There are 4 protein chains.
Amino acid sequence: MRAASAKRQRLMAAAAQVVHQQGAERTTIADIARAADVPVGNVYYYFKTKDELVAAALAEHSRHLRDLTERLERLPDPRERLKGLVETWVGQRDLAARYGCPTGTLAAELDKRDEGGLDAEAGKVIRLLLEWAEQQFRELGLPEPDGLALTLVGAYQGMSLLANALRDPQIMTREGARLIGWLDSLV
Amino acid sequence: MRAASAKRQRLMAAAAQVVHQQGAERTTIADIARAADVPVGNVYYYFKTKDELVAAALAEHSRHLRDLTERLERLPDPRERLKGLVETWVGQRDLAARYGCPTGTLAAELDKRDEGGLDAEAGKVIRLLLEWAEQQFRELGLPEPDGLALTLVGAYQGMSLLANALRDPQIMTREGARLIGWLDSLV
Amino acid sequence: MRAASAKRQRLMAAAAQVVHQQGAERTTIADIARAADVPVGNVYYYFKTKDELVAAALAEHSRHLRDLTERLERLPDPRERLKGLVETWVGQRDLAARYGCPTGTLAAELDKRDEGGLDAEAGKVIRLLLEWAEQQFRELGLPEPDGLALTLVGAYQGMSLLANALRDPQIMTREGARLIGWLDSLV
Amino acid sequence: MRAASAKRQRLMAAAAQVVHQQGAERTTIADIARAADVPVGNVYYYFKTKDELVAAALAEHSRHLRDLTERLERLPDPRERLKGLVETWVGQRDLAARYGCPTGTLAAELDKRDEGGLDAEAGKVIRLLLEWAEQQFRELGLPEPDGLALTLVGAYQGMSLLANALRDPQIMTREGARLIGWLDSLV
DNA sequence: CATGAATGAGCCTTCATTCAT
DNA sequence: CATGAATGAAGGCTCATTCAT
């Protein structure tokens with residue numbers, strides 16, 4: 001991977017944010033350049049195509065996810081880690097109600113494509129989350145940790161989508177509380 | 001609402017299908033016209049703007065939903081109706097794994113827009129489903145039927161998104177089975 | 001000329017009005033059809049092309065002009081006729097301030113065209129007015145009646161254009177008064 | 001106002017000329033691009049919409065007018081300035097007979113519009129001419145200089161329109177001579 | 001003649017990408 | 001590496017005109 005110059009870094013962050021807010025299709029290179037305060041013509045020295053910029057946005061989300069899980073792993077109890085994850089989601093309820101889950105909405109958008117392989121890229125980020133959750137469930141000694149992870153992450157994607165579609169952050173709060181209860185109930 | 005001529009009907013069906021597969025943004029009027037076997041210029045006789053066509057696609061999904069719930073309502077037991085709903089979802093697992101839930105992905109895409117009011121339109125269709133589910137839970141005499149509906153529909157959206165992102169229809173099967181079990185466990 | 005059925009008559013009147021208000025280029029066949037309350041597809045039984053409709057608008061203005069001059073000719077004194085003409089112009093000051101002289105603005109628009117011969121058609125209507133005015137000046141025994149007609153009609157076109165461009169009907173009143181004074185001063 | 005690059009300047013000149021000849025409505029962006037020898041897509045780098053190009057054409061005419069009045073102001077006598085103005089008009093008789101007064105015909109066309117505000121813009125250019133003429137009449141110590149300006153400019157617009165409608169440059173010569181005589185007669 | 005529907009050419013505009021300096 | 005400018009391929013939409021019934 002190329003050295004992450006300040007400008008490149010700025011472009012990635014801008015891409016992540018703008019694409020989350022506007023969607024990949026409606027986002028123009030100029031939008032991202034403006035948000036990153038980089039001249040349009042210069043963008044292409046860091047990212048050869050628009051798809052690379054979208055991939056960068058995805059990588060940025062991936063990095064955020066890694067940061068989050070690393071922070072959560074400082075908690076000794078896997079159950080607490082999972083509950084911390086849910087609390088983080090609920091903490092971002094306003095953003096979710098406005099623009100949905102950054103990775104989920106992007107994945108949904110990219111999965112409509114036939115070419116470019118970006119769809120698989122989005123799947124990978126989601127898989128990272130799934131695997132991390134699975135690992136926690138496994139450490140708790142629970143059966144079918146992969147199925148539990150699927151249920152947890154699926155619930156997150158579902159509640160984000162509903163909160164977004166209905167423009168109601170309360171949905172995040174409500175379903176978040178239910179998930180916390182569910183996590184506590186697992187033995 | 002306008003009388004649905006055969007051609008108009010064909011355009012609506014084509015719009016629903018093509019938009020589901022390609023997304024609203026990547027779908028061109030020409031794509032829909034081709035799928036409906038209608039000359040491009042003629043499309044505008046039935047729908048004045050592209051947005052109207054997207055709204056028509058949404059209406060088509062809404063109609064499908066109504067057809068489905070009407071069919072399910074022939075079942076005497078609300079619990080069976082809900083289980084039938086889940087089975088329908090699982091039955092469409094291949095489509096969901098390829099393109100996601102038609103309404104959910106469209107809602108996610110439209111919610112990125114600032115103008116046009118189509119985002120609210122998508123929310124309405126999802127709300128229809130929520131309300132129908134809520135009604136079934138209510139008839140079962142369960143507490144907080146609205147919360148249960150949220151959980152059910154959220155699970156559907158989540159599993160569709162995961163199945164789509166991971167290109168794995170088995171996710172629909174697996175989570176579907178879990179939902180059936182959950183429905184059976186509710187007292 | 002074809003027999004003027006009621007519908008054809010309505011289309012001519014509508015064409016004259018709508019073209020005056022919107023200009024020939026911005027006026028669609030549908031606009032005229034709507035104003036005349038005639039189905040779009042039916043228009044072509046009366047006018048084979050849009051140009052024919054514009055020509056019809058011109059003919060309508062020509063007819064209005066003939067009506068006006070015939071009315072004025074009931075006055076015994078040619079000078080009074082000419083003053084009556086000016087008074088008529090001033091009486092239409094609000095329309096002129098909003099849309100200009102129907103014939104003048106149409107002539108200006110059509111004169112930009114290379115083909116179709118409609119430009120010459122517009123010139124003919126203006127020439128009718130010029131010739132009528134010239135005849136009055138001649139009857140007054142004034143020298144160079146054609147030059148006087150040119151001055152009078154030119155003043156009318158100029159004041160209409162200025163009133164229109166500055167959206168000020170007062171210009172019509174002011175210049176009209178001046179023209180009356182001028183007519184009175186001619187010996 | 002933006003710095004006028006050579007290409008932008010070329011586009012403005014081309015817009016002024018082509019719009020004068022064809023009218024704003026019949027002029028396509030491609031026409032202007034071709035006349036300026038600029039690729040179509042590139043036009044939008046300088047002018048965001050077609051309306052901006054029309055406004056640029058108007059500004060170009062405004063600039064021409066300013067150049068002319070500045071040149072005329074080198075003459076010591078205001079009356080000579082006004083006569084010089086008329087002579088300039090007569091000098092352009094062939095252009096006027098073919099396409100009318102650039103500003104006047106454009107104003108007439110734009111005044112048919114309801115939106116965009118371009119109509120007011122055209123009015124401003126005409127007002128500039130009126131105000132300059134008024135100033136000259138004022139310096140001559142004549143009463144009602146604004147009325148005199150209206151008469152002069154109105155006569156110009158009228159004779160341009162008639163010359164154009166009748167395709168006869170002689171009208172410019174004839175009416176120009178009359179205006180010269182009129183200017184000389186004012187005391 | 002009547003009429004809703006059909007057709008296709010053309011226009012404005014956007015934008016990813018490339019180029020010259 | 002920087003940057004403003006250039007380029008061309010679409011895409012949405014309008015509309016005069018024609019057609020089928």
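Bear in mind that the values here come from a model prediction, so they are computed numbers and not experimental data. Just so we're on the same page: letters track the sequence lines, and every chain starts at 1.
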Non-hydrogen atoms of R113(A) and A24(A) that approach each other most closely: NH2-CB, 4.4 Å
Pair R98(A) + D119(B): basic N to acidic O under 4.0 Å: no
Ionic contact status for D111(C) with R167(D), cut-off 4.0 Å: yes
Presence of K48(A) side-chain N/O under 4.0 Å of dA16(E) phosphate oxygens OP1/OP2: no
T49(A) or T27(D), whichever maps to the more 5' nucleotide of DNA chain E: T27(D)
Euclidean distance, atom CZ of residue R26(D) to atom C1' of dC12(E) [Å, nearest integer]: 17 Å
Distance-only polar pair, side chains of T105(C) and K112(D), donor-acceptor under 3.5 Å: yes
Nearest heavy-atom neighbours spanning R26(C) and D31(C): O-OD2, 3.8 Å
Interatomic distance where CZ belongs to F47(D) and C1' belongs to dC11(E) [whole Å]: 19 Å
Given DNA chain F, 5'-ward residue of the pair I29(B) and E25(C), judged by closest heavy atom: I29(B)
Side chains of K124(C) and S62(C), donor plus acceptor under 3.5 Å: no
Contact summary for T103(B) and V125(B), nearest pair of heavy atoms: CG2-CG1, 3.7 Å
For atom CG of L53(C) and atom C1' of dC15(F), their distance in whole Å: 14 Å
Phosphate OP1/OP2 of dT18(E): any K50(A) side-chain N/O under 4.0 Å: no
Range-with-range stems for DNA chain F, at least three Watson-Crick or G-U pairs under 3.5 Å: E:2-21 with F:2-21
Atom-to-atom span, CD of Q22(C) to P of dC15(F) - whole angstrom: 10 Å
d(CD, E52(C); P, dT18(F)) in whole Å: 11 Å
Which atom of V19(D) lies closest to which atom of T27(D), heavy atoms considered: CA-OG1, 3.7 Å
Proximity to DNA chain E (any heavy atom under 4.0 Å), residues of residues 30-44 of chain B only: P39(B), G41(B), N42(B)
Y46(D) OH - dG4(F) P separation (whole Å): 13 Å
Any K7(C) side-chain nitrogen or oxygen under 4.0 Å from OP1 or OP2 of dT3(E): yes
Pairwise distance CZ(F47(D)) to CD1(I32(D)) - rounded to 0.5 angstrom: 9.0 Å
Side chain of T28(D) (C-beta onward), nearest among dT13(E), dA5(E), dC12(E): dC12(E)
N or O in side chain of Y45(A) less than 4.0 angstrom from dT3(F) OP1/OP2: no
